[in-house]
Peer 1: 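Here you go, one structure.
Computed over heavy atoms, backbone and side chain alike; hydrogens, waters and symmetry mates excluded. All ligand and atom numbering here is 1-based and tracks the order in the structure. Just so it is clear, the model here is predicted, and its values are computed rather than measured.
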Amino acid sequence: MTQLLSPSAEKLIEAFCGLVNENQKFVLTTHVNPDGDGLGSELALSRFLKKLNKESTILNYSETPSNHLFLDKSRELKKFDPEKDVRLLLDADVLIALDMNNSSRLRAMEKYFLESKAKKAIIDHHLEAQDFVDYQLVDIDSPATGEIVYHCLVACNAALIDKEIAEGLYAAIMTDTGSFRFPRTDGDTYRIAGHLVDLGVDPNYVYHKLYEENSLGRTTLLGEMLSKVQLAYAGRVSYASLTLEQLERNHVIPDDVDNFVNQASAISGVVVTLFFLEMENGVKISFRSKGEIPVNDLAKRFGGGGHKNASGARLYGTSLSETVKTVLRETVLILPDHA
Ligand code: 5GP
Ligand code: MN
């Protein structure tokens, strides 16, 4: 078994196992616009809790993106309905938010999450956690929340990790490491993935379901975006955008353009990439960088956050063209030779 935790992390995980063992009613959640890491982690943890005969409900603010539905074999993922689900949050013994560290990312669920008398925990790997829970299981060096959940489950009761739990964890780690290649991917990540494959996960199936069942419209839209990628700051910054009209014309929903930003960054010499997605009431920005360039510092200037090499922000009440201009202007501040 992989054993790679610092003594303080082991204490945290011990506390987590205590929280699991001493309580009965759990509600799990993840951030708005959930990704494979949030969804795979909560599905794995929920199934694990059920195998311990606990009551576990997953409530998410957002709908599940269609390419992740295959992970939800027992149909556990529920979109939060304020008419019906408030009591679940208020009456739970434990609330666990996965892959997020800021309560605002719960949107309409935030108020009830904060009001609830339940014990609260986050399991997460983002920088600069907000202080809004009793237990912070945070490892900013971990490439995915799924890896932290893996360590928790192994520590609490490794024998309960079955193929379905393993598949959730594998999808979580695979998506957040860009299929095992982003900078924080290390030997431990591969060892964990190896263990999950030994438990029955089919890597080809998971990759295919997540990334190879796109609509023709999505592929066409990607082509439209790539044909308009532009460079700035002597070729060190690439940027691209998509309008609502382009999404609608190609019958693509915003959730389905998740990996477009990475495609726009695969250009020689580019160290920062910006991707602007028009929304009904503003613009969503994705920031990516290579090496030591902290795009989270740039995202923070626009009220967002994330990781050093991958961050996001949402601006409301502003146009696409204004946002592009403003963000491009500020991008110079994080370029290496900026005085
Ligand atoms: P993406 O560009 O893929 O949507 O997001 C990249 C990273 O930035 C993710 O780890 C995500 O958690 C974070 N992120 C994305 N959007 C926001 C946002 O609006 N606020 C904050 N604080 N983080 C975000
Ligand atoms: Mn994550």
Peer 1: Tell me whether the count of non-hydrogen atoms from other residues, nucleotides or ligands lying under 6.0 Å of CG in Asp198 goes above 12.
Peer 2: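 Yes, enclosed.
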Peer 1: Find all atoms of ligand 1 within a distance of less than 4.0 Å from any non-hydrogen atom belonging to His307, and give their numbers and elements.
Peer 2: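 So the atoms of ligand 1 that pass are 10 (O).
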Peer 1: Honestly, is Lys284 close enough over Phe276, meaning NZ or CZ under 6.0 Å from the six-membered ring centre and within 45° of the axis?
Peer 2: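 Not flagged: Lys284 not positioned over aromatic ring of Phe276.
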Peer 1: Is there a nitrogen or oxygen of Asp258 sitting under 3.5 Å from a nitrogen or oxygen of ligand 1?
Peer 2: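 Min N/O separation from ligand 1 is not below 3.5 Å for Asp258.
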Peer 1: Measuring to the Mn ion (ligand 2), does Asp99 have an N/O/S atom at a distance below 2.8 Å?
Peer 2: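 Short answer: yes, at least one N, O or S atom is under the cut-off.
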Peer 1: Would you say His126 reaches the Mn ion (ligand 2) with an N/O/S atom under 2.8 Å?
Peer 2: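 His126 does not place any N, O or S atom closer than 2.8 Å to the Mn ion (ligand 2).
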Peer 1: How wide is the angle at the Mn ion (ligand 2) between OD2 in Asp176 and OD2 in Asp37, to the nearest 10°?
Peer 2: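 That angle is 80°.
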Peer 1: Is any side-chain N of the basic residue among Arg184 and Asp176 closer than 4.0 Å to the acidic one's carboxylate O?
Peer 2: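 Looking at Arg184 and Asp176, the cut-off is not met.
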Peer 1: With backbone taken as N, CA, C and O and side chain as the heavy atoms from C-beta onward, which portion of Lys284 lies under 4.0 Å from ligand 1: side chain, backbone, both, or neither?
Peer 2: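 Answer for Lys284: side chain.
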Peer 1: Under 4.0 Å, counting heavy atoms only: does Arg105 come that close to any atom of ligand 1?
Peer 2: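 Distance cut 4.0 Å: Arg105 passes for ligand 1.
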Peer 1: Where does Ala299 meet ligand 1, judged by heavy-atom distances below 4.0 Å: at the side chain, the backbone, both, or neither?
Peer 2: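 No part of Ala299 comes within reach of ligand 1.
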Peer 1: Could you walk me through whether Arg75 and Asp72 pass the salt bridge (charged side-chain N to carboxylate O under 4.0 Å, His left out) check?
Peer 2: CA-CA 5 Å; Arg75 302 216 166 271; Asp72 189 14; 5.4 Å; no
Peer 1: Should one rank Gly305, Gly306, Ala310, Gly303 by closest heavy-atom distance to atom 24 (C) of ligand 1, which comes out on top?
Peer 2: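 When every heavy atom of Gly305, Gly306, Ala310, Gly303 is considered, Gly305 comes closest to atom 24 (C) of ligand 1.
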Peer 1: Charged N to carboxylate O below 4.0 Å: is that the case for Glu213 and Lys209?
Peer 2: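 So Glu213 pairs with Lys209 through a salt bridge.
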Peer 1: Do NZ/NE/NH1/NH2 and the carboxylate oxygens of Glu55 and Lys50 come within less than 4.0 Å?
Peer 2: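 No, no charged N to carboxylate O under 4.0 Å.
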Peer 1: So does Lys120 get a backbone contact from the side chain of Asp134, meaning a donor-acceptor N/O pair under 3.5 Å?
Peer 2: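 A pair under 3.5 Å: yes.
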